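In what follows, residues are counted from 1 in the order of the sequence shown. Since the model is a prediction, treat every value here as computed from it, not as a measurement. As the structure lists them, so they are numbered: ligands from 1, and atoms in each ligand from 1. Hydrogens, waters and symmetry mates are skipped; everything else that's a heavy atom, side chains included, is used.
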Amino acid sequence: MDTPDLSPATLAVTAGRPDREPGAPVNAGVVLSSTYVSQGPPVPGEAMYTRYDAPTWHPFEEALAALEASPLPALVYSSGMAAVAAAFSLVPPGGRVVVPRHAYQVTLVLAHELAATRGLEVVTADLHDLDAVAAVLPGTALVWAESPTNPMLEVADLPAIVAAAHDAGALVAVDNTFATPLGQRPLTFGADVVVHSVTKALAGHSDVVLGAVVTGDPDLRSRLDAYRRTHGAIAGPWEVWLALRGLRTLALRVARAQANAQVLAERLAAHPDVVEVRYPGLPGDPGHALAARQLDGFGTILGVRPAGGAQAADDVVAAVRLWVPATSLGGVESMLERRRRFATESPTVPEDLLRLSVGIEDVEDLWRDLDQALRAARGGRD
Ligand SMILES: *Cc1c(COP(=O)(O)O)cnc(C)c1O
């Protein structure tokens, strides 16, 4: 379907449907077959073997491409990290990559592993500091961008970073997991590659692990496709089907969770037992002005530092009854965790930082639970 004028909220519903004809199903089916009838030399486009290409991937790959404004289908992978690893494979041996200081922690772990095993030169930078980025760009092969970052919610000027990186001959990959394509479409800023942990808001129900890469560049896409065939981190058909099913309600879920997040951020910022709230939707947040210009909506994730340090943060997590103490984010259910409980989290992330993934529950129920947990943590200190 050629529908470039539809908004992302509509495309999430309409893209990747079977062709409209009498008797056609509204939803594509799940094809459970590892192989397909074929003989002789492979015919381009013909189904052959499920590690190469699978019919159940196509509707999701078309829908995500439409959402990210890509002329080429997305590529689905078995996890967000498989997608991140595929994107890093675009860096030549010994090439330099610039990664955000507060990138998703496992992306940083992978980058440092590739430094050890493939000789990549990994430079960490604060992407919201354009001068710092410009200083390390000459000779860089890939700039890895996350905006907002996980878990610090820092916002980077993506169009400016893309322009500077391209001037220096570097590719730009954007991990768009936090913003979702409803918040920003990095390919429209000139980014070369977009990566998603589909596990999070796109699938949205905490029931699948899945990843995807989107690029409008045919050469990059064929390299990413070849990487998927050879390294074999392919998605299962049920996971892709579930993710597409989840994607259909993306706009509703994000709108509700985002409205909840704004209310909670404002109330938490005024709470006597809270030291700091990071949320780009708060007028006083360092990323607010840029986010207001660049993003459609401020997202569903908050960073919150309760009074009383890491112990108080752990006490809050122990005291919630509605919020789920768990890692991951972007599901319909609200979750929280103290990020530094992971030894691999960046040491510059505060010890007491709680990452809150706001879901679609009633906001007053969410607020009452947080408030009682913050009070309980204070009671533990008194
Ligand atoms: C979760 C996450 C990933 C990794 O995705 P998985 O699906 O868990 O492999 C990558 N980037 C960001 C920003 C994430 O939040």
Can you list every pair where an N/O of ligand 1 is under 3.5 Å from an N/O on the protein?
| residue | atom | partner | partner atom | Å |
| --- | --- | --- | --- | --- |
| ligand 1 | 5 (O) | S197 | OG | 2.9 |
| ligand 1 | 7 (O) | G80 | N | 2.9 |
| ligand 1 | 7 (O) | S197 | OG | 2.8 |
| ligand 1 | 7 (O) | T199 | OG1 | 2.6 |
| ligand 1 | 9 (O) | G80 | N | 3.0 |
| ligand 1 | 9 (O) | M81 | N | 2.8 |
| ligand 1 | 11 (N) | D175 | OD2 | 2.6 |
| ligand 1 | 15 (O) | N150 | ND2 | 3.2 |
| ligand 1 | 15 (O) | K200 | NZ | 2.8 |

Query raised in the report: Just by distance, do the side chain of R340 and the backbone of L354 share a donor-acceptor pair under 3.5 Å?
Result: no
**Report entry** Intermediate values then yes/no, ring pair (Phe, Tyr, Trp, His ring centres under 6.0 Å), F60 and W241
**Finding:** CA-CA 8 Å; F60 179 82; W241 187 86; over 10 Å; no
Query raised in the report: Considering residues, nucleotides and ligands other than F342, do more than 12 of their heavy atoms fall under 6.0 Å from its CZ?
Result: yes
Query raised in the report: In terms of side-chain geometry, is the basic nitrogen of D273 or R375 positioned less than 4.0 Å from the acidic oxygen of its partner?
Result: no
Query raised in the report: Less than 4.0 Å between a side-chain N and a carboxylate O, is that true for R338 and E351?
Result: yes
Report task. Walk me through it: do E61 and R228 pass the test salt bridge (charged side-chain N to carboxylate O under 4.0 Å, His left out)? Result -> CA-CA 14 Å; E61 292 179 333; R228 182 171 66 177; 3.0 Å; yes
